[in-house]
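This report refers to the structure that appears directly beneath it.
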2 protein chains.
Amino acid sequence: MTTPNPYRAKCATRVVLDRVADKWAVLILGLLKDGPVRFNQLRREIEGISQKMLSQTLKNLERDGLVQRTAYPTVPVTVEYALTPLGRTLTDTFDALRQWAEIHIGEVVAAQRRYDEVA
Amino acid sequence: MTTPNPYRAKCATRVVLDRVADKWAVLILGLLKDGPVRFNQLRREIEGISQKMLSQTLKNLERDGLVQRTAYPTVPVTVEYALTPLGRTLTDTFDALRQWAEIHIGEVVAAQRRYDEVA
DNA sequence: CAGTATCCTTTATGATACTG
DNA sequence: CAGTATCATAAAGGATACTG
């Protein structure tokens, strides 16, 4: 197997990077890091996500082995999403990403204003 | 100002996170971390990126204050892109993200195979 | 070289309605 | 509750041609 290298178009890491460098994925995994969360709970906590996007993103994360879906046979059904061990290996990086956004948002907005002023 | 919180739909950090949680941005900043790189050099090194996407992503990164564009009045013109100090604050996190993809690609692909087998 | 402009196709996403 | 299915629309992206 060739060395993984996201700069090559056909390298699988490129695909994974694309999946993982995703706004919703970062937000969802951030909510799961403290324990399992149910579908509608995620929906409530992530403002602005549609049911479709949440469902789709969760399915992709499950397929990639980052999230474990568990359905309990209650009536109506209860479904919990939790991080897998593999998913947990991403939490630090994703935390860093969210924190970066929170810490540097002021600088970014200031830069945007400067940029837009000139143009 | 309210506390930055990407889980709120109208929070500016959500927008920044979206910009920064981007495949092309991660790849571009990765190439810039060792020094300025020219437009077509980036194009060659990032397989599969179109001129349009490169141009667009660079413009966004410049607007956000992460990248500095410098044009030299040669004929034809020479343009260099370099990280700003703000952009440099992202390199560790982005390195981590690319490395995660490279390290865990095997596990992800295996998980995908298991998932697809059942379905 | 380093783009921009335009057209066109493909994807992504949202809204709505429905189901076990 | 936790989804899926369908339709409609907006946004993303590629190909091509052109320019200082």
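Quick note on labels: first sequence line is chain A, next is B, and so on, each numbered from 1. The figures that follow rest on heavy atoms only: side chains count, while hydrogens, waters and symmetry mates do not.
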Side chain to side chain donor-acceptor pair (under 3.5 Å) partners for A:Thr91, two or more places apart: none
Would you check if the side chain of A:Thr84 reaches a backbone N or O of A:Gly65 as a donor-acceptor pair within less than 3.5 Å? yes
Pairwise ring pair (Phe, Tyr, Trp, His ring centres under 6.0 Å) hits with a residue in residues 4-61 of chain B, at least two apart: none
Any side-chain N or O of A:Thr74 under 4.0 Å from OP1/OP2 of D:dC1? no
So what does A:Tyr72 touch, heavy atoms closer than 4.0 Å: a base, only the sugar-phosphate, or nothing? nothing
Is there any salt bridge (charged side-chain N to carboxylate O under 4.0 Å, His left out) pair reaching into residues 40-56 of chain A, and which pairs are they, with sequence neighbours excluded? A:Glu47-B:Arg8
Where at least one partner belongs to residues 22-34 of chain A, residue pairs that pass salt bridge (charged side-chain N to carboxylate O under 4.0 Å, His left out), sequence neighbours excluded: A:Lys23-B:Asp18, A:Lys33-A:Asp95
Linking I/L/V/M/F/W/Y whenever their side-chain heavy atoms sit closer than 4.5 Å, directly or via other members, would B:Val77 and B:Leu54 fall into one cluster? yes
When you check every protein heavy atom under 4.0 Å of nucleotides 13-20 of chain D, what one-letter string (B, S, -) results, 5' to 3'? BBB----B
Mind listing the residues from residues 29-47 of chain B sitting with a heavy atom below 4.0 Å of DNA chain C? Number order is fine. B:Arg38, B:Phe39, B:Asn40
Tell me every residue that passes salt bridge (Lys or Arg N to Asp or Glu O under 4.0 Å) with A:Asp92, counting only those two or more places apart in sequence or in another chain. none
Can a donor-acceptor pair be found, under 3.5 Å and without considering hydrogens, that links the side chain of B:Arg98 to the backbone of B:Val26? yes
Taking side chain as C-beta onward, heavy atoms only, is A:Leu17 less than 4.5 Å from B:Trp100? no
Tell me, please, which residues at least two apart from B:Arg14 pass salt bridge (Lys or Arg N to Asp or Glu O under 4.0 Å). none
Can you list every stem that DNA chain D is part of, counting only runs of 3 or more consecutive Watson-Crick or G-U wobble pairs with both distances under 3.5 Å? C:1-20 with D:1-20
Evaluate side chain to side chain contact (heavy atoms under 4.5 Å, CB included) for A:Leu66 paired with A:Val20, printing each intermediate quantity in order. CA-CA 10 Å; A:Leu66 300 170; A:Val20 140; 4.1 Å; yes
List for me each residue that meets side chain to side chain donor-acceptor pair (under 3.5 Å) alongside A:Ser55, sequence neighbours excluded, and say none if there are none. none
A:Tyr81 vs D:dG3: side-chain N/O to OP1/OP2 distance below 4.0 Å: yes
Quick check on contacts: within residues 58-71 of chain A, what sits under 4.0 Å from DNA chain D by heavy-atom distance? A:Lys59, A:Arg69
Excluding sequence neighbours, so at least two apart, what forms side chain to side chain donor-acceptor pair (under 3.5 Å) with B:Gln112? A:Asp64
